[in-house]
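Numbered from 1 within each chain, the chains take letters A, B, ... in sequence-line order.
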There are 2 protein chains.
Amino acid sequence: MAETPAALTLADVARAADVSEITVSRILRNVGPISETTRRRVLDAVDQTGYVRNQIAGTLASATSNLIGVVIPSLSNIVFADVLRGIDAGLEPSGFRPVVGITDYKADAEEKLVTSLLAWKPAAIIIVGFDHTDITRRRLKQSRIRVVELMDIDSEPIDLAVGMSHRAAGLATGRHLIGRGYRRFGYVGHDWTTDRRARLRWDGLVQALEEAGLELVDQRLHGGPSSTQAGREALATLLQGAKHPDVVVFSNDDMAVGGVFHCIAEGIVLKRDLALFGFNGLDVGQALPKPLSTVRSNRFRIGKIAVEQILLRPERNGTPETINTGFEIVPGETA
Amino acid sequence: MAETPAALTLADVARAADVSEITVSRILRNVGPISETTRRRVLDAVDQTGYVRNQIAGTLASATSNLIGVVIPSLSNIVFADVLRGIDAGLEPSGFRPVVGITDYKADAEEKLVTSLLAWKPAAIIIVGFDHTDITRRRLKQSRIRVVELMDIDSEPIDLAVGMSHRAAGLATGRHLIGRGYRRFGYVGHDWTTDRRARLRWDGLVQALEEAGLELVDQRLHGGPSSTQAGREALATLLQGAKHPDVVVFSNDDMAVGGVFHCIAEGIVLKRDLALFGFNGLDVGQALPKPLSTVRSNRFRIGKIAVEQILLRPERNGTPETINTGFEIVPGETA
DNA sequence: CTGTTAGCGCTTTCAG
DNA sequence: CTGAAAGCGCTAACAG
């Protein structure tokens, strides 16, 4: 019976190359001055043996890890997948790796997750939003590593916030649509308790209406998470009411695309009979027969910038900062 | 100037609770017999101090980590986000955490990624597909940790494959549509070099046609990754040809949804004038005015089962295995 | 340019 | 039920 050979260590490579462990270590990390001949000899030995570095031991010894904790509410929503893509893209050249956790929009799950991620001594934690439990917030503060709160910039961050003002986006949406002549506003949304940012956009929208002496003529709130199907059904019930809006603003593009499908199915001609407006600027909305009128949020960029900031300044400095990644109105053809 | 206090260690907690380090360690890991009084005292001390375990040190000492390496080609494609969701869901009760890497469909990026993930001494690696470089395959084999190859079961796995037969899905699609009376088959796809599974489905489809003495009357291959917009444009050019298919099979739902949008925009009545068929069973397809006819692949389940298998049997055993998660034809209303 | 020594903070093993 | 000693595999700090 062949015994399982012990895993290769630095010592094995060092022996094979006839140098000390620390020399191999330095070569593998690209630090310090190394003669070209030893470097070559050691790298050969690495190839020959098939040695794979043990980052666990390295991290313990150096007290600096290459892991980044990432806490997101969900992956069903493509928005957070985009953020994660951005994070990964920003990390790409650095050798850092994301360790991810999904909260499912639950604050207590988030609390457990943050604790379990901190146990891996990550170089930083990237987390979505500001809605944390007190314990979560305290732990993050005490950790003294960099903490980046994403998506939102409407609150005071622990360390750094990267995102856009959702209130401002709602406001801009309202003003834009009023400017285009719409007066009878309907709203179709999803569960606000798990999506504070949707609520902030709604606040901004209502504020824009107030500025113009208007108010929402009707609205429907779907109880669950946003989805195309939910948007379709919610618009259907809204239109059964007697309020006859001339434009319906949706909590996001997923919901709005469902609204578009409903109109297509019912023969409602978009913009002539009814205008629809979304939020996010998803690809699917732009590929519709008539491109969806919406607001482009820069999710990928948010994730990327978060990482770039971490790499740029790995130490937390005293004062919380905020980076605004902005948004753009996408006129489209549905409003 | 307040000096940064050193991070808390087991020793601090042990001192506070007046026990030895090992006792604290045992309590935190729930191993060995511990008296209820000491347990309480220690847990109190943990709370008081705000101690957070150092998994890095623990992993080094015990040589068993709670990390799972995850290698996926992309997150732009919701299919892989679904897989990752399944992985996370399966991991949920275990305290394991995924460390993810994205290859962008590049084999050399995958090779680097696998090496860098192995350096974290994960308990297992979950990777999409069978298309690895020789070096990647060798490293994975040599690692002796569990390796799960996802999505596909049409090749021999290193250790375990979890997925479905894409060839069989293509075959089933063809037979299903022939059974419904279609005879003039068109095909609209995307880049096969990065998506071997799409190619396998095509193979199966063509085989079904051959069985019935038929062949594809026309096809269009988009050069890039699949997208709704690409599907829309590719169908448009296909229909400009003179081949007049009565059904068009798409490489996946994203592409097919684009096809549906084209038909809506052009006033082509689905199923009466032209039938369309997708692959994946995405939500967006089912929310369309007419639900898309497609094949449901069980992405979430694939991820979940992969993890469950790892937790169930953490050691690799000699012989490679395969788990078939199956698929179902979704009749829909577009074919 | 290369090496020696001394840990990093835990857990394993063996005692009691 | 609790503890002491040893060491996981690497890197920081200091020599040479």
Side-chain angles (χ1 to χ4, degrees), chain A residues 4-43 45-46 49-67 95 116 118-123 143, chain B residues 4-43 45-46 49-67 95 116 118-123 143:
Chain A
T4 303
L8 287 170
T9 70
L10 262 195
D12 298 307
V13 180
R15 208 173 305 122
D18 197 32
V19 292
S20 68
E21 297 182 32
I22 188 66
T23 300
V24 181
S25 171
R26 284 181 182 132
I27 291 169
L28 261 26
R29 284 177 298 145
N30 277 307
V31 297
I34 300 284
S35 83
E36 203 37 53
T37 40
T38 20
R39 156 172 275 113
R40 208 174 297 286
R41 195 145 41 89
V42 166
L43 291 179
V46 168
T49 54
Y51 170 73
V52 177
R53 238 174 117 179
N54 186 337
Q55 289 267 28
I56 296 284
T59 299
L60 180 60
S62 66
T64 61
S65 106
N66 281 0
L67 294 175
S116 113
L118 285 174
W120 288 102
K121 303 292 159 191
S143 73
Chain B
T4 302
L8 287 169
T9 70
L10 262 195
D12 299 307
V13 180
R15 209 172 305 120
D18 196 32
V19 293
S20 68
E21 296 182 32
I22 185 65
T23 300
V24 181
S25 170
R26 283 182 181 129
I27 290 169
L28 260 29
R29 283 176 298 143
N30 276 306
V31 297
I34 301 284
S35 81
E36 201 40 50
T37 41
T38 24
R39 157 172 275 113
R40 209 173 297 286
R41 194 145 42 88
V42 166
L43 291 180
V46 168
T49 54
Y51 170 73
V52 177
R53 230 172 125 185
N54 186 336
Q55 289 267 27
I56 297 282
T59 299
L60 180 60
S62 66
T64 62
S65 106
N66 282 0
L67 293 175
S116 113
L118 285 174
W120 289 102
K121 303 293 160 190
S143 73

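Smallest separation of non-hydrogen atoms from Glu21(A) and Ala11(A): OE2-CB, 3.8 Å. Taking all atoms of both residues into account, the shortest heavy-atom contact from Ser35(B) to Thr38(B) is OG-OG1, 2.5 Å. Residues Arg53(A) and Arg29(A) come closest through the heavy atom pair NH2-CG, 3.5 Å.
Of the candidate nucleotides dT2(C), dG9(C), dC1(D), dG9(C) has the atom lying nearest to any side-chain atom of Thr9(B). Nearest nucleotide to the Arg29(B) side chain, out of dT12(C), dT4(C), dG9(D): dT12(C). Minimum atom distance to the side chain of Ser62(A) is reached by dA12(D), of the listed dT2(D), dC10(D), dA12(D). Set against dG9(C), dG7(C), dT12(C), the side chain of Ala61(A) has dG7(C) as its closest nucleotide. Comparing dG9(D), dT11(D), dT11(C) by their nearest atom to the side chain of Ala57(A) picks out dG9(D).
For the pair Thr59(A) and Gly32(B), both in contact range of DNA chain D, the more 5′-proximal nearest nucleotide belongs to Gly32(B).
Atom CG in Asn66(B) sits roughly 14 Å away from atom C1' in dC10(C) (whole-Å rounding). The CG-P distance, from Leu28(A) to dC10(D), rounds to 9 Å in whole Å. For the pair Ile22(B) CD1 and dG7(D) P, the computed distance is 16 Å after rounding to whole Å. Atom-to-atom, CG of Asn30(B) to C1' of dT11(C) comes out at 15 Å; the value is rounded to the nearest Å. What separates CD1 of Ile56(B) from P of dT11(C) is a distance of 13 Å, to the nearest Å. Atom pair Glu36(A):CD and dC1(C):P shows a separation of 10 Å (rounding to whole Å applied). Rounded to whole angstrom, the span from the CD atom of Gln55(B) across to the P atom of dT11(C) amounts to 8 Å. To the nearest angstrom, P of dC8(C) lies 18 Å from CG of Asn54(A).
Checked against Trp120(B) for a side chain to side chain contact (heavy atoms under 4.5 Å, CB included), the options Asn54(A), Thr59(A), Val52(A) give a single hit: Thr59(A).
Thr23(B) has a side-chain polar atom (N or O) that falls below the 4.0 Å cut-off from OP1 or OP2 of dG3(D). Phosphate proximity of dC1(C) to Arg41(A): absent, as no side-chain N or O sits under 4.0 Å from OP1 or OP2. Between Ser20(B) and dG3(D), a side-chain N or O to OP1/OP2 separation shorter than 4.0 Å is present. OP1 or OP2 of dC10(C) lies within a sub-4.0 Å distance of a side-chain N or O belonging to Tyr51(B). Applying the 4.0 Å criterion to OP1 and OP2 of dT2(C), one finds that Thr38(A) has a side-chain N or O inside that range. At least one side-chain nitrogen or oxygen of Arg53(B) sits closer than 4.0 Å to the OP1 or OP2 atom of dT11(C).
Residue contacts shown for Ile34(A) are limited to sugar-phosphate atoms, with no base heavy atom under 4.0 Å away. Residue Glu21(B) is classed as a base contact, given a heavy-atom separation below 4.0 Å to a base.
Every residue two or more places apart in sequence or in another chain that forms a side chain to side chain contact (heavy atoms under 4.5 Å, CB included) with Ser116(A) is listed here: Arg97(B).
Contact of Arg26(A) with dG3(C) (side chain to base): a donor-acceptor pair of N or O atoms is detected under 3.5 Å.
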Go through the steps to decide whether Val19(B) and Ile27(B) satisfy the test side chain to side chain contact (heavy atoms under 4.5 Å, CB included), and finish with yes or no. CA-CA 11 Å; Val19(B) 293; Ile27(B) 290 169; over 6 Å; no
